[in-house]
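Worksheet: one structure, shown below.
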Amino acid sequence: MSDDPATSGSGLAAERVRRLAQVDALRAGGTEPYPYRFDRTHTVAEVRSAWGEMAAGAETDDEVRVAGRIVLVRDTGKLVFATILDCGAELQLFISKAVVGDEAFAVVKALDRGDWVGVHGTVMTTRAGELSVKVRELTLLAKSIRPLPDKWHGLTDVDTRFRQRYADLVVNADARRAFEVRHAVIASFRATFAARDYVEVETPLLHLEAGGAHARPFETHHNSLDMQLYLRIAIELHLKRLIVGGMDRVFEIGRVFRNEGISTRHNPEFTMMESYEAYADYEDVMVLTEDLVRHAASDALGTTVVEVAGETIDLAEPWPRRSMVELASEGIGETIHPSRSVDELRRIAEAHDVRCESSWGPGRLVEELFEATTEKSLIRPTFVTGHPKETSPLARADRNDPLVTERFELYANGREIANGYSELNDPVEQRRRFEEEQAAKDAGEVERGTIDEDYLRALEYGMPPTGGLGIGVDRLVMLLAGVESIREIILFPTLRPEVW
RNA sequence: GCCCCUCUAGCUCAAUGGUUAGAGCAGCGGGCUUUUAACCCGUUGGUUCAGGGUUCGAAUCCCUGGGGGGGCACCA
């Protein structure tokens, strides 16, 4: 075998050949390298919490059966120390030749970093105080035939980290932590809603009309119906149909898809949380948003204090509410309001190097001026309220200013995190707004909306006053996990196909 | 779509245009019964992303293509 060039080297190919030969040898010797199951009595985390406080050099008679992946081996000859990783927690195995016997010890010596094992033994601490299991019996649970990344440096090549997320998660604790935050945030949302008697629902991802947001959809096709369908760009319109139906507090957490550019803040598929509550308006929804985010922070991080762009921020402190026209006016230095003429606003935009297109009306220009002057500076969580009617076709007009809406967006770290409003429930007014959307779309603004007749029919049955909310879960998780790229908190971000 | 940066062993990284592209880890062989990235001795391993060009000579310079990153544009 040593003459075989494939096994004499130590490149990846040779390494796989060597380990596959080991698999064959184990089977030939009557040991199954991929057994079906293993009985464990404790997770590693449970062992750590139950025995974590023992003094150095302690021996117990407490028997445990634990399992995990070997991520580190220190072989001192007749005594082997191996570190196993079990669901993010590490534990040392203390494997003595005198305890396990010569035959079993030979098996231990043949183990590779990356192999999955289950062991039976007693809990102890070493002289140095390291909590360990003194192994009496060891079972190989799955042979690894591909070497893990560097034990010290881990995996740093971002391409490989995202493509081989499985390897990233094994060797990079930071990567694991970011996803723990993500999943704790989502669990926290569910708990907050459950406590408020909301019902979690599931609505279609395949839409006939891609409505509820301004974005370009992914198109797909149903074969047997021979029908064009779109992947949803928002959840909104279906959830409000449920409000019409009398489900007066609903939420959904799910994927939405937008066929647009990819960046550190954008992935083509991302997770949206939307909720709707009958009898509430946008002020109630802002309160709900604060509660959701604060609970998410304390559930995911154990604190409401986070570092954002170098600033220490306590999310438990009240978040300022500022109107968009006020912020845009401050940013520009004169009064900016959708009541001003298109020509005036366009001149102002041009004077401030803000891009503008001929099709945009005063409302869109106001919003662009706000974004250009103010958006990036909103580091601390801030509710920006009163978006122009023109850019908010599903939001109800402000009770005091008919040109803007009762809408807010939550900004933090210069990014939009959430969006909510007093929902427009007047079917006649909604039809007018849809017609404006359709007209703009027909005039070439591809991301504008269409007339959703079924939604209008639902509104005609009558929708109670309703407050709605959408939270970009990925953006919020980025904020709480303190990462600058959305790819750090999406397990499998969209990438170009790998070349094999 | 545009601009800039980047790609070297399984992993992490070196290498003025100049011998046969090196090192640590991992692997392999040997030693070691309390290690902590264990340690000590020895050792294998390369389509330098791909293709083309310039040159006496290319990992290095140029061109084309590919992957990735960042920015812009797009994107409530």
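Between B:C11 and B:U16, the distance separating the two P atoms is 23 Å to the nearest Å. With both ends at atom P, the span from B:A26 to B:C49 equals 26 Å, rounded to whole Å. Separating the P atom of B:A58 from that of B:U48 is a span of 13 Å, rounded to the nearest Å. Of the P atoms belonging to B:U8 and B:C13, the separation is 9 Å, rounded to the nearest Å. Nucleotides B:G24 and B:U43 are separated by 15 Å at their C1' atoms, to the nearest Å. B:C39 and B:C25 are spaced 14 Å apart, taking the C1' atom of each and rounding to whole Å. Across the C1' atoms, B:A15 and B:A23 are found 10 Å apart, a figure rounded to whole Å. Rounded to whole Å, the separation between the C1' atoms of B:G57 and B:U20 comes to 14 Å.
Distance CG (A:Asp75) to C1' (B:C28): 14 Å, rounded to an integer number of Å. Protein atom CD of A:Glu15 is 13 Å distant from nucleotide atom C1' of B:A9, rounded to whole Å. The distance between atom CG of A:Leu111 and atom P of B:G27, rounded to the nearest whole Å, is 11 Å. Summarising the geometry, the separation between NZ on A:Lys97 and P on B:U35 is reported as 20 Å, rounded to the nearest angstrom. In this structure, the CZ atom of A:Arg18 is 8 Å from the P atom of B:G29, given to the nearest Å. A straight line from CD of A:Gln92 to P of B:A37 spans 11 Å, rounded to a whole angstrom. Computed from coordinates, the A:Arg113 CZ to B:A26 P distance equals 8 Å when rounded to whole Å. Remark: P of B:G27 and CG of A:Asp115 are 11 Å apart, rounded to the nearest angstrom.
Side-chain atoms of A:Glu390 come within 3.5 Å of backbone atoms of A:Gly361 as a donor-acceptor pair (strictly under, hydrogens ignored).
Near-neighbour residues of RNA chain B inside residues 78-90 of chain A, defined by a heavy atom below 4.0 Å, number-ordered: A:Lys78, A:Leu79, A:Phe81.
Applying the side chain to side chain donor-acceptor pair (under 3.5 Å) test to residues at least two apart or on different chains, the pairs with a partner in residues 124-133 of chain A are A:Gln92-A:Ser132.
Contact between A:Asp86 and A:Gly68 at its shortest, heavy atoms only, is CB-CA, 4.4 Å.
Residue A:Pro393 is classed as a base contact, given a heavy-atom separation below 4.0 Å to a base. Residue-level contact check: A:Val73 touches the backbone only, with heavy atoms under 4.0 Å from sugar-phosphate atoms and none from bases. Nucleic acid contact for A:Gly470: none, since no nucleic acid atom lies under 4.0 Å from a heavy atom of the residue. No contact: A:Arg216 has no heavy atom under 4.0 Å from any strand. Heavy atoms of A:Ala215 sit under 4.0 angstrom from primed sugar atoms or phosphate atoms, though from no base atom. When heavy atoms are screened at a 4.0 angstrom cut-off, A:Ala98 is found touching base atoms of the nucleic acid. Residue A:Glu130 is classed as a base contact, given a heavy-atom separation below 4.0 Å to a base.
Looking at A:Lys441 and A:Glu437, no side-chain N of the basic residue comes within less than 4.0 Å of a carboxylate O on the acidic one, giving no salt bridge. For A:Glu357 and A:Arg346, the salt-bridge test fails: no basic side-chain N is under 4.0 Å from an acidic carboxylate O. Looking at A:Asp102 and A:Lys109, no side-chain N of the basic residue comes within less than 4.0 Å of a carboxylate O on the acidic one, giving no salt bridge.
Along RNA chain B, the nucleotide closest to A:Tyr421 and the one closest to A:Thr494 are compared, and the more 5′ of them pairs with A:Thr494. Comparing A:Glu59 and A:Tyr411, the nucleotide of RNA chain B nearest to each residue sits closer to the 5' end for A:Glu59.
Every residue two or more places apart in sequence or in another chain was checked for a ring-ring contact (aromatic ring centres under 6.0 Å, His included) with A:Tyr282, and none qualifies. Every residue two or more places apart in sequence or in another chain was checked for a salt bridge (charged side-chain N to carboxylate O under 4.0 Å, His left out) with A:Glu350, and none qualifies. For A:Glu368, the salt bridge (charged side-chain N to carboxylate O under 4.0 Å, His left out) partners are A:Arg364, not counting sequence neighbours. Judged as a ring-ring contact (aromatic ring centres under 6.0 Å, His included), and not counting sequence neighbours, A:His120 has no contacts. For the salt bridge (charged side-chain N to carboxylate O under 4.0 Å, His left out) test, residues two or more places apart in sequence or in another chain that qualify with A:Arg380 are A:Glu311, A:Glu317. For A:Pro268, the side-chain contact (heavy atoms from CB on, under 4.5 Å) partners at least two apart in sequence or on another chain are A:Phe218, A:Ile262, A:Thr494. For A:Leu20, the side-chain contact (heavy atoms from CB on, under 4.5 Å) partners two or more places apart in sequence, or in a different chain, are A:Ile145.
Between the side chain of A:Thr76 and the base of B:U33, no donor-acceptor pair under 3.5 Å is found.
Base pairing analysis places B:C61 opposite B:G53; the two distances defining the Watson-Crick or G-U wobble pair are each below 3.5 Å. When Watson-Crick and G-U wobble pairs are counted only if both distances are under 3.5 Å, B:C72 pairs with B:G1. Pair assignment for B:C11: B:G24, on the basis of Watson-Crick or G-U wobble contacts that are both within less than 3.5 Å.
Between A:Phe408 and A:Thr289 the shortest side-chain heavy-atom distance falls below 4.5 Å.
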Residues 475-488 of chain A side chain polar contacts: donor-acceptor under 3.5 Å, at least two apart:
{"unit_1": "A:Arg475", "atom_1": "NE", "unit_2": "A:Arg265", "atom_2": "O", "d": "3.2"}
{"unit_1": "A:Arg475", "atom_1": "NH1", "unit_2": "A:Glu416", "atom_2": "O", "d": "3.0"}
{"unit_1": "A:Arg475", "atom_1": "NH2", "unit_2": "A:Arg265", "atom_2": "O", "d": "3.3"}
{"unit_1": "A:Glu484", "atom_1": "OE1", "unit_2": "A:Arg415", "atom_2": "NH2", "d": "2.8"}
{"unit_1": "A:Ser485", "atom_1": "OG", "unit_2": "A:Arg487", "atom_2": "N", "d": "3.2"}
{"unit_1": "A:Glu488", "atom_1": "OE1", "unit_2": "A:Arg161", "atom_2": "NH2", "d": "2.9"}
{"unit_1": "A:Glu488", "atom_1": "OE2", "unit_2": "A:Arg161", "atom_2": "NH1", "d": "3.1"}

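Distances shorter than 4.0 Å separate none of the side-chain N or O atoms of A:Arg74 from OP1 or OP2 on B:U35. Listed pair A:Arg496 / B:G68 meets the phosphate criterion, a side-chain N or O lying under 4.0 Å from OP1 or OP2. Phosphate proximity of B:G10 to A:Arg16: absent, as no side-chain N or O sits under 4.0 Å from OP1 or OP2.
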Using the 3.5 Å cut-off, write out each protein N or O paired with an N or O of nucleotides 11-15 of chain B and the distance between them.
{"unit_1": "B:C11", "atom_1": "O2'", "unit_2": "A:Asp150", "atom_2": "N", "d": "2.9"}
{"unit_1": "B:C11", "atom_1": "O2'", "unit_2": "A:Gly154", "atom_2": "O", "d": "2.9"}
{"unit_1": "B:C11", "atom_1": "O2", "unit_2": "A:Asp150", "atom_2": "OD2", "d": "3.0"}
{"unit_1": "B:U12", "atom_1": "OP1", "unit_2": "A:Thr156", "atom_2": "N", "d": "3.0"}
{"unit_1": "B:U12", "atom_1": "OP1", "unit_2": "A:Thr156", "atom_2": "OG1", "d": "3.3"}
{"unit_1": "B:U12", "atom_1": "OP1", "unit_2": "A:Asp157", "atom_2": "N", "d": "3.0"}
{"unit_1": "B:U12", "atom_1": "O3'", "unit_2": "A:Thr156", "atom_2": "OG1", "d": "3.3"}

Where do N or O atoms of nucleotides 69-71 of chain B meet protein N or O atoms at under 3.5 Å, pair by pair?
{"unit_1": "B:G69", "atom_1": "OP1", "unit_2": "A:Arg487", "atom_2": "NE", "d": "3.1"}
{"unit_1": "B:G70", "atom_1": "OP2", "unit_2": "A:Arg487", "atom_2": "NH1", "d": "3.1"}

